[in-house]
Number of protein chains: 2
Amino acid sequence: MARQKAQPSAPGPDPAPVSLWERLERPAPAPRTTLTPQKIAAAGIRIADTEGIDAVTMRRLATELGVAPMAAYRYVSGKSDLLDLMTDAVYADLKPADDIDNWRDVLRTGALRNREIVLRHPWLIQISSPQVLRALTPNRIAAAERALSSLDGLGLDIDAMMAVVGTVNCYVHGAVSAECAHYLLMQEEGWTTNDDLRTAFAPQMRYLMDTGRYPTYHRYLHDGIHKDDPLWRFETGLDSVLDGIAARMGI
Amino acid sequence: MARQKAQPSAPGPDPAPVSLWERLERPAPAPRTTLTPQKIAAAGIRIADTEGIDAVTMRRLATELGVAPMAAYRYVSGKSDLLDLMTDAVYADLKPADDIDNWRDVLRTGALRNREIVLRHPWLIQISSPQVLRALTPNRIAAAERALSSLDGLGLDIDAMMAVVGTVNCYVHGAVSAECAHYLLMQEEGWTTNDDLRTAFAPQMRYLMDTGRYPTYHRYLHDGIHKDDPLWRFETGLDSVLDGIAARMGI
DNA sequence: ACGGCGGTGTGTACGTTGTATCCATTCGAT
DNA sequence: ATCGAATGGATACAACGTACACACCGCCGT
């Protein structure tokens, strides 16, 4: 007999968009073995971590999973969905630190953990930003919730609370982004030490510095002690930001 | 024979026989400097600004320039080069503000101008970060120099000075990145108001909020006044950061 | 027992992308 | 006037995302 098009929601113009996350949390209808969203996400993350985000193609993903190129499309609607899935899976590692409730410690350790996650998966900052924003994933909202709730009851209105969380997040994102860019550039060019990078940039840098137009910058290149200490720089900036929040918000 | 049709392979029928007469009537040979790196960069920027960075393909670039798809490769070694060129051209707009020397004002207006530039060319945050890092142009070092020199003579060592500049830059990058992501997402989906975005996200947001796991976040969604005021949020965060720097550095 | 039905993976195919390579034309120095 | 170098055009190819139709297979009501 003529086979019928698989179309669960037959009538109606808009078949009630069930979000990816809602589907994820529903118990699997059957213990499907070969392919699950979790396995797909894990495979994608494995490829991205070891070969870079550009190596994550639907075909490469399929070989990693040992299936045909189109198989994964039963579970993700497209590559965009795959990246969402990978992002959320990675942020699942952003576990709460339960034993602290002081707002400053919550935000500080959250920032440090966030940094560690992104450094472990630098491709996170390479995914296009609307993509990341679209992936407002449960795990990331949960992190925001923890930060927000640590600020509750301190006399701040809700806008100020969100401003605090947003400020810290912006700093963290910017800092980690720069750090990853540095790391990815070195990896991309095959450099292994910061000195490799410096020698590669030396000619153009020497030319710029010899113009004498950047004396203070030149002094930093010459005398800076913490040039190669990203953690020091991250924490210094973070503590400044937290100081500023405490001062301006009076908390 | 005198001239022969190029026929490297496929000895089949000639698919497009261009007669001598047709060839004679072909449009006048253009003046020879139709292509320059500047024109190529400008064309790429024009496309990216109006149609998004994904529309910037080598073929689309060629039609924008009115040349054949491969023509631009005489001037850029690949798409990566093209993006470098575009980035460099855009950051030339980052002019100094000469009439202020107070460190706080220098950093603050620099941040606001930086924000404006990126908002004007939101695709800047979409091109991969090592890309941006590699394109360290005189204009960007000059901006750093201005910021650094405004901090000179305040008793800070050079590492602290760079930490201050870096902290502000990280915040600005993170904040502007989030803002652009928001804007790009809306543009990408064809939404024109924030309410369009909210209604689009409503189903999954409702699901997430109905779990009851994010009460404070939910309160923000419900009661937040400045949700749609990105400039307020940017300046609030920026002033916090500057407060923190002043406090921690004692300046 | 059985037949079909929905869910799962496969095979094939198409349009688009970046870019390598070769060809044709034109300009400028001789 | 001529020739080499510079410039733009044409063609081609591999890899990509993904649409579509098919084959399989376990579960169900009968």
Side-chain angles (χ1 to χ4, degrees), chain A residues 1-10 23 26 28-37 39-40 43-44 47 51-84 128 131, chain B residues 1-20 22-37 39-40 43-44 47 51-83 127-128 131:
Chain A
M1 193 48 196
R3 48 167 271 98
Q4 183 149 304
K5 185 75 174 299
Q7 191 54 269
S9 65
R23 286 202 309 264
R26 286 204 288 229
R32 301 292 176 222
T33 51
T34 59
L35 245 43
T36 66
K39 284 188 181 180
I40 291 174
I47 299 169
E51 304 170 39
I53 192 65
D54 288 341
V56 178
T57 71
M58 296 308 280
R59 288 172 167 86
R60 176 74 186 79
L61 179 76
T63 71
E64 181 78 13
L65 290 163
V67 295
M70 291 300 293
Y73 279 89
R74 294 276 175 207
Y75 300 88
V76 295
S77 73
K79 190 172 186 178
S80 190
D81 253 25
L82 169 66
L83 296 177
D84 286 354
S128 91
Q131 185 81 45
Chain B
M1 250 332 258
R3 57 167 301 278
Q4 173 153 311
K5 186 69 191 301
Q7 200 62 275
S9 64
D14 204 357
V18 181
S19 82
L20 175 61
E22 184 177 349
R23 183 175 291 269
L24 278 181
E25 285 200 0
R26 276 202 295 214
R32 211 48 205 217
T33 56
T34 54
L35 249 38
T36 66
K39 284 187 181 179
I40 291 174
I47 299 170
E51 303 169 38
I53 192 65
D54 288 342
V56 179
T57 70
M58 296 308 280
R59 286 172 169 84
R60 176 71 186 80
L61 180 75
T63 71
E64 181 77 14
L65 291 163
V67 295
M70 291 300 293
Y73 278 90
R74 294 276 174 205
Y75 300 88
V76 295
S77 72
K79 191 173 185 177
S80 188
D81 254 26
L82 170 67
L83 296 178
I127 73 183
S128 88
Q131 189 85 45

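Keep in mind it's a predicted model, so treat the numbers as computed, not measured. Below, chains carry the letters A, B, ... as their sequence lines are ordered, and counting in each starts from 1.
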Fill in the blank from the handout: Sorted by chain and number, sequence neighbours left out, side-chain hydrogen bond (donor to acceptor under 3.5 Å, both in side chains) with Ser80(A) holds for Gln131(A)
Practice task
Mind running side chain to side chain contact (heavy atoms under 4.5 Å, CB included) on Thr57(A) and Ile47(A) for me, showing each step along the way?
Solution key: CA-CA 9 Å; Thr57(A) 71; Ile47(A) 299 169; over 6 Å; no
Problem - Side-chain N,O (Thr34(B)) to OP1/OP2 (dG8(D)) below 4.0 Å - result: yes
Problem - Any Tyr75(B) side-chain N or O less than 4.0 Å from OP1/OP2 of dG8(D) - result: yes
Practice task
Would you mind listing every salt bridge (Lys or Arg N to Asp or Glu O under 4.0 Å) that reaches into residues 66-81 of chain B, with sequence neighbours excluded?
Solution key: none
Exercise for the section: Would you mind reading off the distance between Asp54(A) atom CG and dT17(C) atom P, rounded to a whole angstrom? Expected result: 17 Å
Problem - Integer-rounded Å distance: dG17(D) C1' and Leu61(A) CG - result: 13 Å
Completion exercise
Whole-Å distance, Tyr73(B) OH to dC22(C) P, equals 17 Å
Practice task
Give the rounded distance in Å between these two atoms: CG of Leu65(B) and P of dT7(D).
Solution key: 15 Å
Handout entry: Nearest-angstrom distance from the residue atom NZ of Lys79(B) to C1' of dT16(C)
Key = 11 Å
Please output the side-chain donor-acceptor pairs of residues 62-69 of chain B that fall under 3.5 Å, not counting sequence neighbours, one pair per line with the distance.
from	atom 1	to	atom 2	distance (Å)
Thr63(B)	OG1	Arg60(B)	O	2.9
Thr63(B)	OG1	Arg60(B)	NH1	3.2
Glu64(B)	OE1	Arg60(B)	NH1	3.1
Glu64(B)	OE1	Arg60(B)	NH2	3.2
Glu64(B)	OE2	Arg46(B)	NH1	2.6

Polar pairs (N or O, both sides) under 3.5 Å between protein and nucleotides 10-15 of chain C?
from	atom 1	to	atom 2	distance (Å)
dT10(C)	OP2	Ala68(A)	N	2.4

Handout entry: Interatomic distance, Leu82(A) CG vs dG17(D) P [rounded to whole Å]
Key = 9 Å
Exercise for the section: Could you tell me the separation between the CD1 atom of Ile53(B) and the C1' atom of dG18(C), rounded to a whole number of Å? Expected result: 15 Å
Fill in the blank from the handout: Heavy-atom nearest pair, Tyr75(A) first then Leu35(A), reads OH-O, 3.3 Å
Problem - Results of salt bridge (charged side-chain N to carboxylate O under 4.0 Å, His left out) for Arg59(B) - residues two or more places apart only - result: none
Handout entry: Length of the CG-C1' vector between Leu35(A) and dC25(D), whole Å
Key = 16 Å
